[in-house]
There are 2 protein chains.
Amino acid sequence: MGFSAAEENYIKAIWKLQKDNTNVTTNALSEALKTKPASVTDMLKRLKDKNILNYLPYYGVQLNAEGQQAALLIIRRHRLWEYFLAEKLKFDWDAVHPLAEELEHINSPELTNRLDAYLGYPQIDPHGDPIPNIKGQMPVTTRIALADYALNQPAVVSGVLNQSSELLELLKHKKITIGATIEICRRFEFDGSLEIQLQDLPLITLSSYLAQNILVKPLQL
Amino acid sequence: MGFSAAEENYIKAIWKLQKDNTNVTTNALSEALKTKPASVTDMLKRLKDKNILNYLPYYGVQLNAEGQQAALLIIRRHRLWEYFLAEKLKFDWDAVHPLAEELEHINSPELTNRLDAYLGYPQIDPHGDPIPNIKGQMPVTTRIALADYALNQPAVVSGVLNQSSELLELLKHKKITIGATIEICRRFEFDGSLEIQLQDLPLITLSSYLAQNILVKPLQL
DNA sequence: CCAATAATTTAGATTTGTCTAAATTTTGAT
DNA sequence: ATCAAAATTTAGACAAATCTAAATTATTGG
């Protein structure tokens, strides 16, 4: 019933790549986990024996219900620790991820749930991602990429699509934080870049690629 | 410069068995770590190659200066996490040890030192053991076993000699906690048992063996 | 001081998780 | 539809950390 740290990393990676209901490929996992494809194949066979996923050789893999539940509980631990590190220990939001990668593997429901209570049952982590509850249920969030958001409609920054240190560094430089109010003033068709207003600061420009990685939700909702 | 979790457990075990400056034997380590003597020999050879201990085959082992420093930093992490679990997450003191055994292996000076600051630089953990500082220095404490303490001298309970769940369960039942005021009223020579007064509760009796495992310090000091 | 016992080490095997190199299967372009 | 390229799996090896069984070394009692 318990998984090793390596197994948990595979479970998490499969879950993340499984967004739509497509099969996850060996190469995609190899890329995500920085291991060789042959190693992925080995591990998939072992996880299949543990009955947490459907693996068809040459055709990829999908977590079954049990595997998804396991993934959500790992992600719950990860995001609760991220919240703790940022909120209580005052780590920068771009420093919490690697530490949470280690803390998440301590699998003690008692610890996780007490931490959750201590933190006040937070709903989103420092990157704006929802935190699954004790049953592994994810709060539903209606979020859309800033790149696809309407003109002249106030919105709230609610997350980012990846947490590379490069992205987080850029956001810090532009003073874009979770919870900030934002509005698109102009969209340039030529390169998809946006002119935006953040709080009441002067207008700034964001590249199309950056705007695709920033998630927002409508202000009034 | 980094050690695996298994290596850290050996380092910690050697440190604990090394109280006086005697050599630590293979069998003692095997007993403490619940592994076979052959496994201990293997690991000692590996740790010797890392230059953190003096290992003479058939004659036991001692940590060198570098090994002791490593041990103290592991113990620092362990005790800070114990303090966090008891103080912030409200775990019973007999539940914190196994969780701290896992948390201690996350070796991030930044994490450890921020945790230390967040907790207010505590000097002793929930079991009354001193917490090494950022340099690995242990606060000096003058503590003596209750069994060896003077009659009719008020003292403060300041620690326990081992943290088996059995001992902690017994202490909880007798309402003996770290910081409580205690005084020996009678000592029976026949079996070494003690009659003691705790705070202003009715007199109770402690076995000699129990009293050997409770550490106290003089009240006025 | 020497034999029996206790402690320790060596030798060889196992599990987990990884790798490289080779073989196999699928895919895609013509 | 076929064949080259890409993706994937298989085979065999390795390191870490453990084990069992056998060999070796130290200790101790008579």
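Protein chains get the first letters and strands the later ones, always in sequence-line order, with residue 1 at the start of each.
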Mind checking if [X] touches a base, just sugar-phosphate, or nothing, with heavy atoms under 4.0 Å?
X: A:T41; result: base
X: A:S39; result: base
X: B:P37; result: base

Can you tell me the distance, in whole Å, between the [atom1] atom of [X] and the [atom2] atom of [N]?
X: A:Y55; N: C:dT25; atom1: OH; atom2: P; answer: 13 Å
X: A:E7; N: C:dT15; atom1: CD; atom2: P; answer: 15 Å
X: A:L56; N: C:dT26; atom1: CG; atom2: P; answer: 9 Å
X: B:N9; N: D:dA17; atom1: CG; atom2: P; answer: 10 Å
X: A:L29; N: D:dT9; atom1: CG; atom2: C1'; answer: 15 Å
X: B:E31; N: C:dT8; atom1: CD; atom2: P; answer: 12 Å
X: A:L44; N: D:dT10; atom1: CG; atom2: C1'; answer: 14 Å
X: B:N23; N: C:dA7; atom1: CG; atom2: P; answer: 16 Å

> So does A:T35 get a side-chain nitrogen or oxygen closer than 4.0 Å to the phosphate oxygens (OP1/OP2) of C:dG17?
Replying inline: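 A:T35 to C:dG17 OP1/OP2: no side-chain N or O under 4.0 Å.
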> Under 4.0 Å: is that the gap between some side-chain N or O of A:T25 and OP1 or OP2 of D:dA7?
Replying inline: no
Between [options], spot the one nearest the side chain of [X], thanks.
X: B:Y58; options: C:dT20, D:dT25, D:dT18; value: D:dT25
X: A:N27; options: D:dT10, D:dT8, D:dT18; value: D:dT8
X: B:K36; options: D:dA17, D:dA26, D:dT20; value: D:dT20

> Taking the six-membered ring of B:Y118, is the NZ or CZ of B:K88 close enough (under 6.0 Å from the centre) and on axis enough (within 45°)?
Replying inline: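 Yes, a cation-pi geometry.
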> B:A38 or B:R46: which one's nearest nucleotide on DNA chain D is closer to the 5' end?
Replying inline: B:R46
> Can a donor-acceptor pair be found between the side chains of A:Q212 and A:S208 at a distance below 3.5 Å?
Replying inline: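 Their side chains do contain a donor-acceptor pair, which is all the 3.5 Å distance test asks for.
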> Does a salt bridge link B:K12 with B:E7, judged by any charged N lying under 4.0 Å from a carboxylate O?
Replying inline: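 Salt bridge between B:K12 and B:E7, a charged N being under 4.0 Å from a carboxylate O: no.
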> For the rings on B:F84 and A:F84, is their centre-to-centre separation under 6.0 Å?
Replying inline: yes
>> Between B:N64 and B:G67 (side chain of the first, backbone of the second, donor and acceptor by atom type, cut-off under 3.5 Å), is there such a pair?
In response: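 Between the backbone of B:G67 and the side chain of B:N64 there is a qualifying donor-acceptor contact (under 3.5 Å).
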> Of A:K34 and A:P57, whose nearest nucleotide on DNA chain C comes first from the 5' end?
Replying inline: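 In this pair, the answer is A:K34.
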